[in-house]
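A short write-up of the structure that comes next.
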Amino acid sequence: MKTQYIFFSGKGGVGKTSMACTHAVRYAEEGKKTLIVTTDPASNLADVFEQTIGHHITAVHEVPNLSAMEIDSDKATEEYIDRAMEPIRAAFPPQIVQVMEEQMSGPCTAEVAAFDRFTDFLEVPTGEETVFDVVIFDTAPTGHTIRLLELPAEWSQSIDAASAGSGQTCLGPAAAIQDAKHKYERALTAMRDSNQTTFVFVLHPEAISIKETRRAIGELSKLEIHNFRLIINGIIPVMGIENSLFAARANMQARYLRQISTDFSYPIQRMTLLSGEIKGVKRLSQVAKIFFDGNSPTTTFEAEKISEQKQSFISPVADIRKRISPNGHRHTVFFAGKGGVGKTVASCITAVWLARQGYKTLLLTTDPAAHLGDVLDSPVGDDVTEITGQPHLWAVKIDPKSAADTYKERILNDAIQRGRPESAIATMEEELNSPCTEEMAAFDQFIDYASQEQWEAVVFDTAPTGHTLRMLELPMDWSKQLDVKIFASVDSSAADDVAKQRFGKVIDMMRDPGQSTFAFVMYPEATPIIEAYRAAAELGTTGINPGLVVANMVIPLEEANTDFTRARRSMQEKYLNEISDRFKLPVVQIPLLPQEIRGLEMLSELGEKIFQDTAELEKTNPEMI
């Protein structure tokens, strides 16, 4: 019997990991040998199972038949380089080996190395028995998952081109990794086999989540992957609609539930919003009974008992405004965090408020699943565009593919103008045709925008945390690798000193709290807080420290008037206090609203409430100002 592969994907924050873990526990309880693997750079399997997992297959405590693994991109990269370079070390002098290893030490290798490790689970060596009956992949948010799944075809082309040229690719010597090409092709074949592989899209009954699911299915269909299933998560239960806020949200959800049924012809399952967090094996088993067996959430799910909390501290508005407003020179605000926690909403609220204060503001994103236009309710494209209806506000979406084309053209034109020989130009072009150029080009384009003098404020809506960190580490990686990465086989004197200076200037800007603020966005729940805290610590190693925290979808205190809303507000109160204690930074609170946040009017109203409503705050909580 073939191993069954199940991929869980979807927009960030929709509950992919919870649903993937719930399925894993149920299959294991049924006696199937089950493995759950995450490819998300900001993995939280360990947080959900409440045990250490890491970069090796680990048995899950208290669940016979269940194992888990979190692919660590750094460790996967080391393993990949060692494997690719092993035959080279024996055949070439140390100096040449060193150059080849340096060429492989760029950011792009991490991406393919993670995929290489991931594909290990998509095939069983000939002659061996199947180790697992079911392998579940808990993937990164959709845009990055698709990027990962596109890799086999792109890397195959890169290997073929290098074989016909210099024989060297940024992922290693072409001759040494031909086996990898065949392995990737076999992986894609397994993913295309509908009898063996299922893609499960988890989504919320909301417009952006539906749009993202439709887009992702379209992209996967281009790769000839067609076996899809949907899980609509976070549906407000009957006991929730006793409260007016949740009743209004349930009405909104009902419209989208009808739309999903109409728009998608795939099997659809539903999962209710629970009164507490899904953490630990015991609760995962309870969720499985609700999801698979139709048990009542009220009698089946045991939410964590939370002791009475002190009221969470409300940060002075003046402290918050100081962290986002220009003070005599341009200020850049980066919004980062786990996928789906509301970075785009926080970015749009902030950008609209800054523009309304009269600051010439640029709002931009590098997120592959960008939704700036949906939240602004105004088109946002690849060119900087003024937002109709909001003076002083411009927006742009950085598309990595088009950025890569512009970047390659600039580098090659520069080399031609410098009079480099044709053979050198050809080698450089071969290097630049690698898929990994996209990541570098996207950051390069961000630097262009961040360096433009006309902006007084720049608001950056970033990709989900793990990918954001990868991108923000690029300047450090690339500034020391430019000589090797692009110009090593050409002429060391051709190193792009101007690019290095541009990188250095932007790095200095990121490190200066007077010029930039990193704001971590999170729900007041355990997993987003832990992830943001880890990311902040990692950023700190590069000399960049966070300056602001945004807690999103906070249930207003006056709405905690039923058992269901009181339970969820108590959970949030606990985590709002944890946010204050962990980060020791000003905290912006964005309230949970009856409907989705969309359009300039709503964004403007929220900006006034969050950044300017000092007088009202003084009336209700004078001791907290």
Side-chain angles (χ1 to χ4, degrees), residues 6-20 138-147 149 198-223 225-237 240-241 246-273 291 338-348 365 367-381 397 461 463-464 523 552-553 592-599 602-603:
I6 306 173
F7 288 79
F8 281 81
S9 192
K11 183 180 181 296
V14 293
K16 291 186 303 294
T17 299
S18 297
M19 285 291 95
D138 172 34
T139 68
T142 324
H144 297 285
T145 299
I146 291 168
R147 179 80 198 100
L149 298 180
T198 305
F199 276 77
V200 179
F201 281 94
V202 184
L203 68 157
H204 282 164
E206 296 173 3
I208 289 176
S209 193
I210 294 169
K211 180 181 177 181
E212 176 68 11
T213 302
R214 189 184 297 114
R215 184 188 74 85
I217 287 175
E219 291 295 319
L220 288 178
S221 296
K222 291 176 189 174
L223 295 171
I225 295 169
H226 301 292
N227 190 16
F228 305 119
R229 182 158 64 88
L230 307 184
I231 295 176
I232 310 171
N233 195 20
I235 297 173
I236 293 169
I241 61 175
F246 279 81
R249 289 189 67 84
N251 284 334
M252 175 193 74
Q253 287 188 347
R255 294 198 312 273
Y256 290 122
L257 288 168
R258 288 193 294 271
Q259 182 183 336
I260 292 167
S261 297
T262 302
D263 289 1
F264 296 97
S265 58
Y266 310 106
I268 296 173
Q269 293 169 283
R270 298 184 178 194
M271 181 61 202
T272 188
L273 178 70
F291 182 79
K338 179 175 160 50
V341 293
K343 295 183 299 295
T344 301
V345 164
S347 301
C348 290
T365 184
D367 192 339
H371 296 292
L372 284 184
D374 297 313
V375 177
L376 291 169
D377 204 13
S378 181
V380 175
K397 170 173 67 74
D461 170 33
Y523 297 142
N552 190 25
M553 301 192 85
L592 179 69
L593 297 177
Q595 66 282 330
E596 294 165 294
I597 296 173
R598 182 169 185 168
M602 186 180 287
L603 291 167

* To do: Before accepting this row, confirm whether a basic side-chain N of the pair D461/K343 lies closer than 4.0 Å to the acidic partner's carboxylate O.
  => no
* Go through V202 and N233 one step at a time and tell me if the side-chain contact (heavy atoms from CB on, under 4.5 Å) criterion holds. => CA-CA 7 Å; V202 184; N233 195 20; 3.9 Å; yes
* Asked: Do T272 side-chain atoms and I235 backbone N/O form a donor-acceptor pair below 3.5 Å?
  -> yes
* Structure fact -> Rounded to the nearest 0.5 Å, the CG atom of L220 sits from the OG atom of S9 at a distance of 7.0 Å
* Distance (rounded to the nearest 0.5 Å) between F291 CZ and S18 OG -> 12.0 Å
* Asked: Under 3.5 Å, is there a donor-acceptor pair between the side chain of Q269 and the main chain of R229?
  -> no
* Asked: Do any N or O atoms from the side chain of S209 and from the backbone of P205 form a donor-acceptor pair under 3.5 angstrom?
  -> no
* To do: Evaluate the side-chain proximity of I241 to F246: yes if any heavy-atom separation is below 4.5 Å, no if none is.
  => no
* Asked: With side chains defined as the heavy atoms from C-beta onward, is the minimum distance between L203 and I260 less than 4.5 Å?
  -> yes
* Taking it one step at a time, do E212 and H204 satisfy side-chain contact (heavy atoms from CB on, under 4.5 Å)? -> CA-CA 11 Å; E212 176 68 11; H204 282 164; over 6 Å; no
* To do: Using a 4.5 Å cut-off on heavy atoms from C-beta on, say whether the side chain of R249 contacts that of L592.
  => yes
* Which word best sums up how the rings of F199 and F7 line up, parallel for under 30°, tilted for 30 to 60°, or perpendicular for over 60°? -> parallel
* Structure fact -> When rounded to the nearest 0.5 Å, the distance separating CG of L372 from OG of S347 is 7.0 Å
* Exercise: identify the closest heavy-atom pair between M553 and Y523 -> SD-CE2, 3.5 Å
* Taking the side chain as C-beta and beyond, is there a heavy-atom pair between V14 and F201 under 4.5 Å? -> no
* Structure fact -> One should read off an interatomic distance between L257 CG and T262 OG1, to the nearest 0.5 angstrom, of 10.5 Å
* Structure fact -> So CD of E206 and CD of E596: to nearest 0.5 Å the spacing works out to 5.0 Å
* **Heavy-atom closest pair, residues G342 and N552** => CA-ND2, 3.6 Å
* Look only at the side chain of R598 and the backbone of D374, and say whether a donor-acceptor pair between them is shorter than 3.5 Å. => yes
* Structure fact -> Taken to the nearest 0.5 Å, the spacing of I236 CD1 from L273 CG works out to 6.5 Å
* Identify the two heavy atoms, one from I268 and one from S261, that lie closest to each other, and give their separation to 0.1 Å. => CD1-CA, 4.3 Å
* Asked: So I232 and Y256, side-chain contact (heavy atoms from CB on, under 4.5 Å) or not? Walk me through it.
  -> CA-CA 10 Å; I232 310 171; Y256 290 122; over 6 Å; no
* Would you sort out whether V200 and M19 count as a side-chain contact (heavy atoms from CB on, under 4.5 Å), showing the intermediate values? => CA-CA 10 Å; V200 179; M19 285 291 95; over 6 Å; no
* Determine whether T17 and F8 make a side-chain contact, defined as any pair of heavy atoms from C-beta on separated by less than 4.5 Å. => no
